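Scroll down for the structure; my scribbles are underneath it.
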Amino acid sequence: MTEVSSLTGRLLVAAPALADPNFDRAVVLLLDHDEEGSLGVVLNRPTPVGVGDILMSWAGLTGEPDVVFQGGPVSLDSALGVAVIPGDEGPLGWRRVYGAIGLVDLEAPPELLAAALGSLRIFAGYAGWGPGQLESELSEGAWYVVESEPGDVSSPNPEGLWRAVLRRQRSELAMIATYPDDPSLN
């Protein structure tokens with residue numbers, strides 16, 4: 001069996017040629033990646049649904065935009081909370097994933113986490129890959145793998161995140177940020 005180097009905490013940035021409409025210009029934060037598969041959330045797909053419409057107790061703790069994000073095409077009826085909590089120790093109800101980024105137990109009382117939260121986003125669904133599936137997509141050039149920054153989780157302009165993440169790269173990837181939405185119009 002091939003050893004898998006963990007990409008947990010990294011970003012998958014969709015290559016312009018990625019044909020799956022679920023991931024067109026997507027920026028995915030990988031929350032788990034090992035030999036059993038991968039799981040992440042799409043950071044740049046805000047929905048029109050307010051957090052207060054589905055999780056009233058968490059509504060006052062999310063950043064702007066205060067909406068639910070479509071985390072991916074899998075299990076859209078489930079919710080994941082991703083939060084940035086600065087410092088070495090996180091509160092009860094939060095599990096560190098990578099650096100200051102972690103998962104929130106949405107069953108926990110929000111007041112357990114309120115004072116510690118740097119930012120919080122709520123995601124409906126997630127993106128998932130079976131064993132070897134993501135590695136296959138990476139070898140086909142469907143994704144660019146880049147380092148995440150805590151601010152990616154709470155970007156106030158999620159629609160511009162794809163270009164922003166690419167633009168900050170110190171390689172030829174920065175030029176891909178200028179790739180037109182529809183190259184046929186050039």
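Since this is a predicted model, take the numbers as computed values, not measurements.
A salt bridge does not link Asp88 to Arg96: none of the charged side-chain nitrogens sits closer than 4.0 Å to a carboxylate oxygen. For Arg168 and Glu149, the salt-bridge test passes: some basic side-chain N is under 4.0 Å from an acidic carboxylate O.
When the side chains of ILVMFWY residues are joined at heavy-atom separations under 4.5 Å, either directly or via intervening members, Trp143 and Leu30 end up in a single hydrophobic cluster. Two different hydrophobic clusters hold Val28 and Tyr98 under the rule that ILVMFWY side chains link at heavy-atom gaps under 4.5 Å. Val27 and Val84 fall within a single hydrophobic cluster, where Ile, Leu, Val, Met, Phe, Trp and Tyr side chains are chained together by heavy-atom contacts under 4.5 Å. In terms of hydrophobic clustering, with Ile, Leu, Val, Met, Phe, Trp and Tyr side chains grouped at heavy-atom distances under 4.5 Å, Val82 and Val74 are assigned to a common cluster. Hydrophobic clustering (ILVMFWY, side-chain heavy atoms < 4.5 Å, transitive): Val146 and Trp129 are in distinct clusters.
One distance of note links CG of Leu29 with CG of Leu7; it measures 11.5 Å at 0.5 Å rounding. Taking CZ of Phe69 as the reference point, atom CD1 of Ile122 lies at 10.5 Å (rounded to 0.5 Å). Here the CZ-CG distance, from Arg121 to Asp66, works out to 9.5 Å after rounding to the nearest 0.5 Å. Distance check: Leu11 CG to Trp162 CH2 gives 13.5 Å after rounding to the nearest 0.5 Å. Here Glu64 contributes atom CD and Asn157 contributes atom CG; the two are 13.0 Å apart, rounded to the nearest 0.5 Å. Between the CG atom of Leu106 and the OG atom of Ser78 there is a distance of 10.0 Å, given to the nearest 0.5 Å.
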Query raised in the report: Are Val49 and Gln70 close enough, and set up right, to give a side chain to side chain contact (heavy atoms under 4.5 Å, CB included), and what steps lead you there?
Result: CA-CA 10 Å; Val49 179; Gln70 184 173 337; over 6 Å; no

Query - Pair Glu135-His33, side chain to side chain contact (heavy atoms under 4.5 Å, CB included): steps then yes or no - result: CA-CA 10 Å; Glu135 288 74 17; His33 176 252; 2.6 Å; yes

Report task. Starting from the C-alpha separation in whole Å, work towards a yes-or-no answer on side chain to side chain contact (heavy atoms under 4.5 Å, CB included) for Leu166 and Tyr144. Result -> CA-CA 9 Å; Leu166 286 170; Tyr144 306 118; 4.1 Å; yes

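Minimum heavy-atom separation, Ala116 to Ile85: O-CG2, 3.6 Å. Here the closest non-hydrogen pair linking Leu120 and Val104 is CD1-CG2, 3.9 Å. Of all heavy-atom pairs spanning Ala59 and Val51, the tightest one is CA-CG1, 3.8 Å. The two residues Pro110 and Leu61 have their closest heavy-atom pair at CB-CD1, 3.7 Å. Heavy-atom minimum distance, Leu18 versus Ala14: CD2-CB, 3.7 Å. Taking both residues in full, the closest heavy atoms of Gln133 and Gly128 are given as OE1-O, 4.4 Å, listed atom of the first, atom of the second, then distance.
Two residues are said to be in side-chain contact when any heavy atoms from C-beta on lie closer than 4.5 Å; Ser155 and Leu161 meet this criterion. Looking at Tyr126 and Val42, their side chains never come closer than 4.5 Å, going by heavy atoms from C-beta outward. The side-chain heavy atoms of Pro16 and Ile176, taken from C-beta on, include a pair separated by under 4.5 Å. The shortest side-chain heavy-atom distance between Pro46 and Glu159 falls under the 4.5 Å cut-off.
Of the possible donor and acceptor atoms, one in the side chain of Ser6 sits under 3.5 Å from a partner among the backbone N and O of Thr8. Checked by atom type and distance alone, the side chain of Arg163 pairs as donor or acceptor with a backbone atom of Tyr179 at under 3.5 Å.
Side chains of Ser148 and Asp152: no donor on one and acceptor on the other come within 3.5 Å.
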